Every structure is written in C-alpha cells, then in structure tokens.
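Heads up: the structure comes next, in structure tokens.
Letters A, B, ... are given to chains in the order of the sequence lines, protein chains preceding strands, and every chain is numbered from 1. Quick caveat: nothing in here was measured; it's all calculated off a predicted structure.
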Protein chains: 2
Amino acid sequence: MEPLPFARALTHCDRCAVRKSSLCNRVCVDLQEELSRLSHHRTYCLGETVLGEMEAISFVGIVVSGVLRMQKSLEDGRQQLVGLLFQSDFFGRVFGGLSAHAIEAASDVTLCCYERRAFERLTERFPELEHQLMLSTLDELDAARNWMLLLGCQTTPERVASFLLMLCRRTGTNQWTPGANLSIYVPISRRDMASYLGTTGETISRVIHEMSRKGIIKIRNSQHFEVLNMRQLVKMSAREDLSTGLSSSIRSIAL
Amino acid sequence: MEPLPFARALTHCDRCAVRKSSLCNRVCVDLQEELSRLSHHRTYCLGETVLGEMEAISFVGIVVSGVLRMQKSLEDGRQQLVGLLFQSDFFGRVFGGLSAHAIEAASDVTLCCYERRAFERLTERFPELEHQLMLSTLDELDAARNWMLLLGCQTTPERVASFLLMLCRRTGTNQWTPGANLSIYVPISRRDMASYLGTTGETISRVIHEMSRKGIIKIRNSQHFEVLNMRQLVKMSAREDLSTGLSSSIRSIAL
DNA sequence: TCATCTCATTGATAGGGATCAACGCCGCCG
DNA sequence: CGGCGGCGTTGATCCCTATCAATGAGATGA
C-alpha cells in the first residue's frame, strides 16, 4: 500500500503485536514517535528475573508476549505472588526508588522496554502519558484490593474458581466461539497458583480435581482446562462481580 | 502580623490542620488557590457511610481529622477492610465511574472535599496535581500489595504485630519521646481489625492478650496499648521491613 | 438506678487446610 | 537407555483458627 502524502515513516512499533491494546495506542502521534524512539525489546526465559526485589528500577515497559509474575517475599523465604502481567500490561514502577517486588518471567516473554529516567522525563513533556499511567495504576489498585478481598475472606475453592474466572477475563475470551466449551490455559505452575491464592500446591491440586469430579471443568492436562459449567464456576467463586469482566457472550452462559 | 506587600488574602486552607502534610502543600500557589476555592468541609459521625460500594463517586478529598475505612463486601455479606485512611490522606477515586469499595467513617471525621468533576478538570489544567495523585496512588498500590503479602502468607500473630507496627508508623510516632514507652491508639473496633487482617474478633482478642502475657505490650484498655518490647514486636511481625517506616529513634529501640 | 445493647473477652469444639510423606509422570542429560 | 530431578497428585495426620456459646464490661437511655 502506498504511504499517504506526508505520512510518517513506519517504526518498529507499527508492527507491534500489542500496539492496538496498549498504552501506546491511547496517546497522540507525536508521543508515539517519541516512545518508539526510546523503546527496545528484551526477551527473558521462563524463570528469569526481570527486576529483583529491592533492586533499583532501571527500566519500565510493556509486555509484548508471555506472562510476568510480581512477587514479594518475607525474610524467612515465604513468598506471595502479588500480580500477573499479561500481553499489553505495563510493568515496572515509575517515580520510585527501589522495586517493592520482584518481577520474573512466568513464561518465555518479550518485553518492550524504556529506560526509566527517560520515560519519566517524557511524562513531564506529555501529561497525557502520565494520565494513561494513572488510569492503569488505578485499575491495578482496584485489582489489588479485589485480591485482598479474596485472600482475606474467601475459602480455597472460592479462590481457585475466582482465579480461573480471572484467567478467562484476562486471556481466554478472545479465541472462544459460542457452542464450544471455553478453554482455559493456566500460564503458571501449581506452586505459583498456590502462592497467588495464599494456599499450597497440594490443596490447589485437590480442589481442581474436585471441580473436575463435579463436572465443572475438564482437565485436559495440568495447564489446560475446559469449562463445562460456567454457571457453576461463577457460583463456586461466590463472586458474581467477576463475571462482569467476561465478554457478554460468555457471561450469557454463566447466568 | 502585617501581611507582606502583594501577599494574597488568607484562605481557610491556610489555617488547615493538615495543610503542611497533605497534597495541597506540594503544589504551586496558583493551584493552591484554585483548590481552596473548590474545597468545602464535611463531617461524618462514626459509622456513617461517606461513599457506598458501587455508588457513583461525586466527590473526592482529603482527611482532615479522624479515620476512614475502605471496605469491600461479597454478595453473601462477608466483608474485607481494604485500607484505612488517616489525617492528610487522599480519599475517593478520580477518573472512575463507580466506587469499587465503600468508604465509611471509622471515627468522627472531618473531610476536605472537592466535587469530583471539578477536581478532574483541575488536573487537566495543572499536570502537577495529577502527578501528586499519581505518587500517592503508587504508594497505595505498594501498600495494598504489602497487605496481600500479609493476608496471603502470614500467621495471625504475625498479622496483628504487623498491624500494630503499621499503626505506629501512620499515627503513633509523633507524640513519642525517648525513654517513655511508645503508646498505640487503635482507632477501630476488634471487628474491623479482624476484617482488615482476614481473621475474627475472637482470634484478635486472644492474640493481643497473649502478647500482653509475653510482656510485649501492655493493654491500657481495649483501644490503647503500650509497647513494652519493640524488638520483640518487630520480630513477632516477621517483617523487619515494616520497621523501616518507623522514625529512626523508635527503630533504634527495635533493633 | 436499672434495663438494654453493643463490644470485648474467654472457653469448648470442630473443621479446613497445612504439613509430611510417598508415588507417578515427564523431560533432561549423561 | 536408564538414572535423575522437578512437578503434580494422592493419602494420612495434625494444628491453627473459625465457630458456637456464655460471660463481663462499658455506654446509652428511659
């Protein structure tokens, strides 16, 4: 296709897989160009540490593919997974000194990175960039408090069901067609699930197999499930509100 | 005292008790004047609802005196306290539709309020206002994730000790003098403490009296404690990191 | 002043889930 | 190909803490 008159040169960002859904797409063209100039990709393998806990934050960025996990640990080694980051999520903390949590690759990942100080300087010139960050930070805060509700007063089966619904919302809904069963890919290990849900791998395993026995899900393998009864899954989560985030066609089979 | 030549007229904000420590003091004078013009005080009595869960957010603001609690609930009535707001903390969510949690008066409170839409328009004209909000939102996010760590993988005694340390940091340190014991005022009920810590009132009570038996604290009455052994309290919390927030003189007796 | 109500405390009991242990499965590598 | 190590599963046991119940203490109001 011919470039339009006065069209800008294409950047590597124009071919980016997450361009449409990420922060980059919600800012003006000038800023997109600046961001493009600043950005560079990095890749990490499953298990690698992107940013250590209590480490100086030298860069921030956006997840292009794969999954990141954020985790905190106690001095004695106990760990808590405090969040997962999927495609097009922003990672790393701006305007801060040391990272309050580690960021690790929960799968092989590709990240689009910005040197932190440069990115911060950009927010000074472009308030809309800071505004977009603000919006996503507020969403993360809501999500964190939602998780506090889960950790503070829900039972383990409820937590597992809630977690699966969260996965549906964040990753699963795109490739679903009415009539078929919704399939869920769990991108993390049992150990990580347990850490995220404040329980143990053994208990997770028991609960999942119990759900399978009840016909709520089908276990294809340890990472792939199929939802057989969405209504039951939502009921089990005790979180009608979580179904709000599902696409409407999926929600329809849940209620 | 004579006003300086060209000095601006004093506003009610200049006499505000939290002026020095709040967001207002960290922005330019022009913005301070705008904020002053927009602000009005409201008072609520213990137990009153400031903003309901799932309610449209019509105003935001700053806590002048007293304590607010933020809480979320499940459909079946279970509740989780997801945060406490003290003097000079910002409350309410900007750039959002419905409130994700209720905000209630945990004591009699005085709030400095801004009509939400007007406040948001102000952030468009003054990026530094949004920046200050951004900084406090990031801090809240860190705090929320810290609490996830507590709820997800700490025992009840650890949680109670951590909670008391948090209170020391947020409220207790100002009126402490070396030599005296640090006194802690607990501004919320056992039920609220329990909800904040993901446990029950009965368990809280047992743990506190056990701490008293061990000589870590002295119970003046159900709301007032005295720290007899800060080192033990920190150890009990399993959170050396929480002592970082204490003033250095207090930290010194802890380590 | 006494009745009443709420909140905190204390005791007894039961249950959910952590812990410990063993086994199966699978990918990796010598 | 066979040993090995990590992960997931399953079983047995124990303990922490939720729950139920009763009492005490302080506040409120008639």
**Q.** Contact residues, residues 212-225 of chain A to DNA chain C [heavy atom, < 4.0 Å]
**A.** none

**Q.** Helix axis bend for the helix from C:dT1-D:dA30 to C:dG30-D:dC1 - C1'-based end axes, five pairs, 10° rounding
**A.** 30°

(Q) Please tell me whether A:Ser21 and A:Gln87 have a donor and an acceptor in their side chains that are separated by less than 3.5 angstrom. (A) no

Q. Would you find a donor on one side and an acceptor on the other, under 3.5 Å apart, between the side chain of B:Gln232 and the backbone of B:Asn229?
A. no

Q) Hey, does the side chain of B:Arg191 come within less than 4.0 Å of C:dA8's phosphate (OP1/OP2), counting only N and O? A) no

Q. Within the distance-only criterion (no hydrogens, no angle test), does the side chain of A:Glu226 pair as donor or acceptor with the backbone N or O of A:Ile184 below 3.5 angstrom?
A. no

Q | Under 3.5 Å donor-acceptor, A:Gln71 side chain and A:Gln79 backbone | A | no

Q. Can you find a heavy atom in the side chain of A:Gln80 that is under 4.5 Å from one in the side chain of A:Arg78?
A. no

**Q.** Donor-acceptor contact below 3.5 Å, side chain A:Trp147 vs main chain A:Tyr196
**A.** yes

Q: Would you confirm whether B:Ser99, through its side chain, and B:Ala102, through its main-chain N or O, come within 3.5 Å as a donor-acceptor pair?
A: no

Q | Point-to-point distance, once rounded to the nearest 0.5 Å, from CE of A:Met148 to CE of B:Met70 | A | 8.0 Å

Q) Does a side-chain heavy-atom distance below 4.5 Å link B:Leu141 with B:Arg145? A) yes

Q | Boundaries of the chain A footprint along DNA chain D (any atom under 4.0 Å from a heavy atom) | A | D:dG8 to D:dA12

Q) Do the side-chain N and O atoms of B:Ser39 and B:His12 include a donor-acceptor pair separated by under 3.5 angstrom? A) yes

Q. Could you state the CD-C1' distance from B:Glu210 to C:dT9, rounded to the nearest angstrom?
A. 14 Å

Q) Applying ring pair (Phe, Tyr, Trp, His ring centres under 6.0 Å), which residue pairs with at least one partner in residues 51-85 of chain A are found, sequence neighbours left out? A) none

Q.
Let me confirm one number: the CG-CG distance from B:Leu228 to B:Asn181, rounded to the nearest 0.5 Å.
A. 5.5 Å

Q: Indicate for each nucleotide in nucleotides 12-23 of chain C, in 5' to 3' sequence, whether protein heavy atoms under 4.0 Å reach the base (B), only the sugar-phosphate (S), or nothing (-).
A: B----SSBB---

Q. Can you pull the ring pair (Phe, Tyr, Trp, His ring centres under 6.0 Å) pairs that have at least one residue in residues 212-244 of chain A, sequence neighbours excluded?
A. A:Tyr185-A:His224

